[in-house]
Amino acid sequence: MFEFRILSSDPSSNARCGIFSTPHGDFTTPCFMPCGTKGAVKTLTPDELKTLNCEILLSNTYHLMLRPGGDFLKSVGGLHKWMAWDRPILTDSGGFQVFSLATLRKITDEGVTFQSHIDGSTHHLTPEKSIELQEQIGADIIMAFDECPPGGCDYDYAEKSMKRTHDWAKRSLKAKKRTDQALFGIIQGGIYKDLRTESAKFISDLNLPGIAIGGVAVGEPKPYMQEVLETTCPLLPKDRPRYLMGIGEPSDIVMAVSQGIDMFDCVLPTRLARHGSFWTHETGRETITASKYTSGTKPIEENCNCYTCKNFVTSYLRHLIIEKEILGHRLLTIHNLHFLLNLMGEIKEAIGKNEFQKVFKKYALIQ
RNA sequence: GGGCCGGUAGCGUAGCCUGGUUCAUCGCGCGUCCUUGUCACGGACGAGAUCGCGGGUUCGAAUCCCGUCCGGCCCG
């Protein structure tokens, strides 16, 4: 049911192009998964996502647990039906919220106690509970419950949280009942090579249909991400997709693909859009509120095929963002997602034609 | 002709009565930067007024007094 086939490989790097099959259809890799944290990619409809060639979405267990709740989602037939998205979905386990909502929680080997960021109510999340919720939500790919320590944490804590993550991965696997969902394990270990090595081997040995690398871009110095990938990727089974969690800067994506990563997710394109920023191939990351766009009469990118660039000029987009018009958020979100999903398309095409290095260079400096 | 209210950065305002660590508040706007498994259409920083104008009182005035200009309103 969860076949992963490698379609082509790049001879000049570890990049590969593949296809992963799920109950809601196939998606091709390397892929980028827009974040639909609370059951929606902020500001866009499912149809618009399809127009952007989005093949798979990410959603989030922690947020859906608080509202509307797992029981409810199960009662309405699962998230796909509820949000009217019939393509694959991956749910994060809530592990990242253990990190990002750090002031509101307490972690033990048993699990995590959270204060809801919504109303302060107390919630408990364990590997078993996370898997149960993810089965109620019904995503095609579900994630093991992990602990994502801060990037700057010391060796002892990185080791402790890695071991806890390993234990939780085993418990996640054991708790899993449904057979129509693929459980991915998560590698941790901070910035420490021996821990990453140990974690890569441990998670690989669980023989899961996919493997994720977590705990990067969480505050550690930038060069460590590539180092982690160089340490980790060679140890992973080649016939399983590798998912680098939370990564979305174009330069990071091409770097990670060259190391053999197949899947990405990131809030960057959608969040940047809502904060008035966007990417261009020429100049990288830009801010639409910059005064130079006050009377701009050209689109963000003249030769971009997205709906936004086909129809609107920068002065209008700037106006919308400054006026806090929702349409501004939508239009920049469309452009940014188009930019990233188009990048993934270029990568896939290039790998098939042995031209990956060209794409690598094109995006190497875009953050 | 008489009376009242108001005149502080691009805009809207606080302070004025009880004059001095407020030579100036806050919001919007403006500018720059930040943003990587989304708490966050969010966050940080910055530029910008000498307080309508003139004079007086005082050691010291946006703050009190006089005059004057501008805007609005009211009564003749």
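From a predicted model like this one, the values you see are computed outputs, not experimental measurements. Order of the sequence lines fixes the chain letters, A, B, ..., with proteins taken first and strands second; residue numbering starts at 1 for each chain.
- You'll find the side chain of A:Asp109 stays beyond 4.5 Å of the side chain of A:Asp167, heavy atoms only.
- Residue A:Ile89 contributes atom CD1, which lies 16 Å from atom C1' of B:G37 at whole-angstrom precision.
- In the set B:C39, B:C41, B:G37, the nucleotide with an atom closest to the side chain of A:His63 is B:C39.
- In this structure, A:Arg318 and A:Ile326 both approach RNA chain B, and ranking their closest nucleotides by distance from the 5' end singles out A:Arg318.
- When the shell of 6.0 Å around CD1 of A:Ile326 is examined, it contains 12 or fewer heavy atoms from other residues, nucleotides or ligands.
- Under 3.5 Å, the side chain of A:Asn60 and the base of B:G37 form no donor-acceptor pair of N or O atoms.
- Listed in residue order, the members of residues 115-144 of chain A having a heavy atom less than 4.0 Å from RNA chain B are A:His117.
- Distance check on atom P: B:U8 versus B:G52 gives 6 Å, rounded to whole Å.
- Atom CG in A:Leu268 sits roughly 14 Å away from atom P in B:C41 (whole-Å rounding).
- Using bins of under 30°, 30° to 60° and over 60° for the plane-to-plane angle, the ring pair A:Phe202/A:His166 lands in the parallel bin.
- Distance, A:Lys324 NZ to B:C28 C1': 9 Å, rounded to whole Å.
- Using C1' as the reference atom, B:C51 and B:C39 are 42 Å apart when rounded to the nearest Å.
- Counting non-hydrogen atoms under 4.0 angstrom, A:Leu244 reaches nothing in the nucleic acid.
- Inspection of the A:Glu147 and A:Tyr157 side chains reveals an N or O donor paired with an N or O acceptor under 3.5 Å.
- Checking A:Ser12 against A:Gln357 by side-chain atom types alone, a donor-acceptor pair falls below 3.5 Å.
- Regarding contacts with the backbone of B:C34, every side-chain N or O of A:Arg285 stays at 4.0 angstrom or more from both OP1 and OP2.
- Under the 4.5 Å side-chain criterion, counting only non-hydrogen atoms from C-beta, A:Lys81 is not in contact with A:Val76.
- A:Asp92 comes within contact range of at least one nucleobase, with a heavy-atom separation under 4.0 Å.
- Using a 4.0 Å heavy-atom distance criterion, A:Leu58 is classed as a sugar-phosphate-only contact.
- For the C1' atom pair drawn from B:G15 and B:C74, the interatomic distance equals 29 Å after rounding to whole Å.
- Closest approach to the A:Cys148 side chain among B:G37, B:C41, B:G29 is made by B:G37 (side chain taken as heavy atoms from C-beta onward).
- You'll find the side chain of A:Met344 reaches within 4.5 Å of the side chain of A:Ile347, heavy atoms only.
- A:Asp119 and A:Ser121 form a side-chain donor-acceptor contact under 3.5 Å, judged by distance and modelled atom types alone.
- Using atom P as the reference point in both B:U22 and B:C16, the two lie 13 Å apart (nearest Å).
- Judged by distance alone, the side chains of A:Glu301 and A:Thr280 never bring a donor and an acceptor atom under 3.5 Å apart.
- Positionally, the nearest nucleotide of RNA chain B for A:Cys35 lies more toward the 5' end than for the other of A:Glu325 and A:Cys35.
- Checking B:G37, B:G42, B:C39 against the side-chain heavy atoms of A:Lys38 singles out B:C39 as nearest.
- Ion pair A:Glu55/A:Arg87 not flagged as a salt bridge, since none of the NZ, NE, NH1 or NH2 atoms sits closer than 4.0 Å to an Asp/Glu carboxylate oxygen.
- Distance check on atom C1': B:A61 versus B:G10 gives 27 Å, rounded to whole Å.
- Checked against B:U35, B:U32, B:G37, the side chain of A:Ala290 finds its nearest nucleotide in B:U32.
- Residue A:Lys222 is in base contact, counting any heavy-atom pair closer than 4.0 Å across all strands shown.
- When each of B:U35, B:G37, B:C41 is scored by its nearest atom to the side-chain atoms of A:Ser277, the top-ranked nucleotide is B:U35.
- Within 4.0 Å (heavy atoms only), A:Glu286 reaches no atom of the nucleic acid at all.
- In this structure the side chain of A:Leu133 never reaches within 4.5 angstrom of the side chain of A:Leu64, judged on heavy atoms.
- Nearest nucleotide to the A:Lys42 side chain, out of B:U32, B:C41, B:G31: B:C41.
- Within the nucleic acid shown, A:Gly215 comes within 4.0 Å of at least one base atom, counting heavy atoms only.
- Side-chain N/O atoms of A:Ser100 include one lying less than 4.0 angstrom from OP1 or OP2 on B:C39.
- Comparing B:U35, B:G31, B:G37 by their nearest atom to the side chain of A:Thr294 picks out B:G31.
- Residue A:Met33 contributes atom CE, which lies 8 Å from atom C1' of B:G37 at whole-angstrom precision.
- Residue A:Ser291 is in sugar-phosphate contact alone, with no base atom involved, counting any heavy-atom pair closer than 4.0 Å across all strands shown.
- With both ends at atom P, the span from B:C4 to B:G46 equals 45 Å, rounded to whole Å.
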Pairing string of RNA chain B (Watson-Crick or G-U wobble, both atom distances under 3.5 Å; | = paired to other strand) is (((((((..(((.......[.....))).(((((.......))))).....(((((..]....)))))))))))).
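- Residues in residues 337-366 of chain A take part in these ring pair (Phe, Tyr, Trp, His ring centres under 6.0 Å) pairs, two or more places apart or across chains: A:Trp279-A:Phe339, A:His281-A:Phe339, A:His281-A:Tyr363, A:Phe339-A:Tyr363.
- Taking 4.0 angstrom as the limit, A:Arg67 places none of its side-chain polar atoms (N or O) nearer than this to OP1 or OP2 of B:C39.
- Taking atom P in both B:G31 and B:A47, one finds a spacing of 16 Å when rounded to whole Å.
- Atom-to-atom, CD1 of A:Ile288 to P of B:C41 comes out at 18 Å; the value is rounded to the nearest Å.
- The shortest distance between the side-chain N/O atoms of A:Thr287 and the OP1/OP2 oxygens of B:U35 is not below 4.0 Å.
- Using atom P as the reference point in both B:A62 and B:C45, the two lie 29 Å apart (nearest Å).
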